[in-house]
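Okay, so here's the structure we're looking at.
One-based numbering along the sequence shown.
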Amino acid sequence: MSENSQFRFGAATGVGSMPGGDAREAAKTVTGTFEDFPFLPELPARGPGADMIGRTAGMLVELYARVEPSGWRLGDRPGRDTKRARSWLGEDLDALEEFTQEYEGPLKVQAVGPWTLAASLELRNGEAALSDAGACRDLAASLAEGLRQHLAELRRRIPGAQLVLQLDEPSLTAVLRGQVKSASGYRTHRAVDRQVVEQTLRDLVGVHTSGPVVVHSCAPDVPFALLRRAGAAAVSFDFSLLTERDDEAIGEAVEGGTRLFTGVVPGTEGPLSDPAGSVMGVRTLWRRLGLSPGLLAEAVTVTPACGLAGASPGYARTALAHCARAARSLADNPE
């Protein structure tokens, strides 16, 4: 088992984004639903700087980004977009701090990982930072320092929390396969060497010395083995996108002590099955892999399939509560 296998993860949590723009309401919902594994909500509906890329760009140290018609672009100095991103994050931290007084236990915070950030942030010429190896290195170093500061701020505000850092990497598979489109859209950037990708992720994982790191991707073909080698204690994914091709990698991950954050509850509006039905696929996978049912509770955290920003507030609350109930079902009836 890995060194992080002793860490007490909660049985269920959210991915990150929530609908609406009220930080206090989001924090109240999250902490009320997941009493043993809350997370810092993200509210992209507020606009640029509250979105996934802009929020993490606001954490960068000595690198700044601004909104252009084509997306977020790196620049020389902090402007109103950077200030707005930092202001939204401060508001979210204030709200979470209010609802986690005296809290002791795991607490998850999210930031975009280095490769999705490199695929999403533009250089001055309009191309993705991914097109320039030096820019990728600078971006990863800036992100590492920004995350150190962010985690230190959280430890100061919520001293009883055991912080779990989630790196969001939805573009990781596209980066590895050379599928990230250029600015013109007529070609793609070349694939990044797998060893470079792995080492960069390992360096970012190493930033969080006092707790585990989860890597999240709601894209198909999550590179489980690469993420394990990079030091991820857990992998978060959309369970519906798994195929039997993933079986061997998942079996090795579980046996090696890697936790699975299984996204089994739809992130968008729709009818939900009963809680036991939502985790039926997880039980089926376990049987197929020949894993012990007793391992389920210590190896699986139940989540929505992806962020809930596109859902209605009512559905988001229902989906999170459903995750908590599905996790209880899995623990009570692992067979």
[X] [atom1] to [Y] [atom2] distance, which is reported to the nearest 0.5 Å:
| X | Y | atom1 | atom2 | value |
| --- | --- | --- | --- | --- |
| E97 | L40 | CD | CG | 11.5 Å |
| F37 | T303 | CZ | OG1 | 10.0 Å |
| R55 | S17 | CZ | OG | 10.0 Å |
| D203 | R137 | CG | CZ | 12.0 Å |
| L172 | R177 | CG | CZ | 10.5 Å |
| L121 | L74 | CG | CG | 5.0 Å |

Trace of the side chain to side chain contact (heavy atoms under 4.5 Å, CB included) decision for F39 with V109
CA-CA 6 Å; F39 64 97; V109 297; over 6 Å; no
If I compare all heavy atoms of [X] with all of [Y], which pair ends up nearest, and what's the gap?
| X | Y | answer |
| --- | --- | --- |
| L43 | G21 | CD1-C, 3.9 Å |
| V264 | V282 | CG1-CG2, 3.9 Å |
| R283 | N333 | NE-O, 2.7 Å |
| P304 | L320 | CG-CD2, 4.0 Å |
| P223 | L176 | CG-CD1, 3.9 Å |
| A309 | P44 | CB-CG, 3.5 Å |

Salt bridge [X]-[Y], side-chain N to carboxylate O under 4.0 Å:
| X | Y | answer |
| --- | --- | --- |
| E91 | R46 | yes |
| R325 | D274 | no |
| E68 | R66 | yes |
| E127 | R187 | yes |
| R124 | D76 | yes |
| E198 | R194 | no |

With heavy-atom distances below 4.5 Å as the criterion, would you say the side chains of [X] and [Y] are in contact?
| X | Y | value |
| --- | --- | --- |
| M59 | R86 | no |
| P266 | Y315 | yes |
| L165 | V214 | no |
| L123 | S131 | yes |
| E42 | D51 | no |
| P275 | R328 | no |
| F237 | F261 | no |
| L241 | D246 | no |

Is it the case that more than 12 heavy atoms not belonging to [X] sit under 6.0 Å from its [atom1] atom?
| X | atom1 | answer |
| --- | --- | --- |
| Q101 | CD | yes |
| E104 | CD | no |
| R245 | CZ | no |

Would the distance check show the side chain of [X] and the main-chain N or O of [Y] forming a donor-acceptor pair, the cut-off being under 3.5 Å?
| X | Y | result |
| --- | --- | --- |
| D138 | C136 | no |
| Q166 | V15 | yes |
| Q110 | D168 | no |
| T82 | A65 | yes |
| T301 | G10 | yes |
| T284 | M280 | yes |
| T258 | A233 | no |
| K108 | G14 | yes |
| D332 | S329 | no |
| S292 | G294 | yes |

In one Ile/Leu/Val/Met/Phe/Trp/Tyr side-chain cluster, 4.5 Å: [X], [Y]:
| X | Y | result |
| --- | --- | --- |
| L295 | L242 | yes |
| V207 | V205 | yes |
| V61 | L117 | no |
| V112 | Y64 | no |
| L147 | L89 | yes |

Are F7 and F9 an aromatic pair, judged by ring center distance below 6.0 Å?
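Ring centroids of F9 and F7 are less than 6.0 Å from each other.
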Side-chain donor-acceptor contact under 3.5 Å, [X] with [Y]:
| X | Y | result |
| --- | --- | --- |
| S210 | R155 | yes |
| S87 | R80 | no |
| W72 | D81 | no |
| S273 | S278 | yes |
| E122 | S70 | yes |
| E169 | T116 | yes |

Chi angles and distances behind the side chain to side chain contact (heavy atoms under 4.5 Å, CB included) call for R229, L201
CA-CA 10 Å; R229 290 195 302 272; L201 283 168; over 6 Å; no
Apply side chain to side chain contact (heavy atoms under 4.5 Å, CB included) to L272 and V265, showing your working.
CA-CA 8 Å; L272 294 173; V265 176; 3.9 Å; yes
When you look at S312 and E269, which way does the side chain to side chain donor-acceptor pair (under 3.5 Å) test go after all the steps?
CA-CA 7 Å; S312 69; E269 227 87 8; 2.7 Å; yes
Under the criterion side chain to side chain contact (heavy atoms under 4.5 Å, CB included), I'd like the reasoning laid out for L260 against V254: C-alpha separation, chi angles, the key distance, then a yes or no.
CA-CA 8 Å; L260 305 180; V254 172; 3.7 Å; yes
Side chain to side chain donor-acceptor pair (under 3.5 Å) contacts touching residues 24-41 (sequence neighbours left out):
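Sorted result for residues 24-41: R24-E98.
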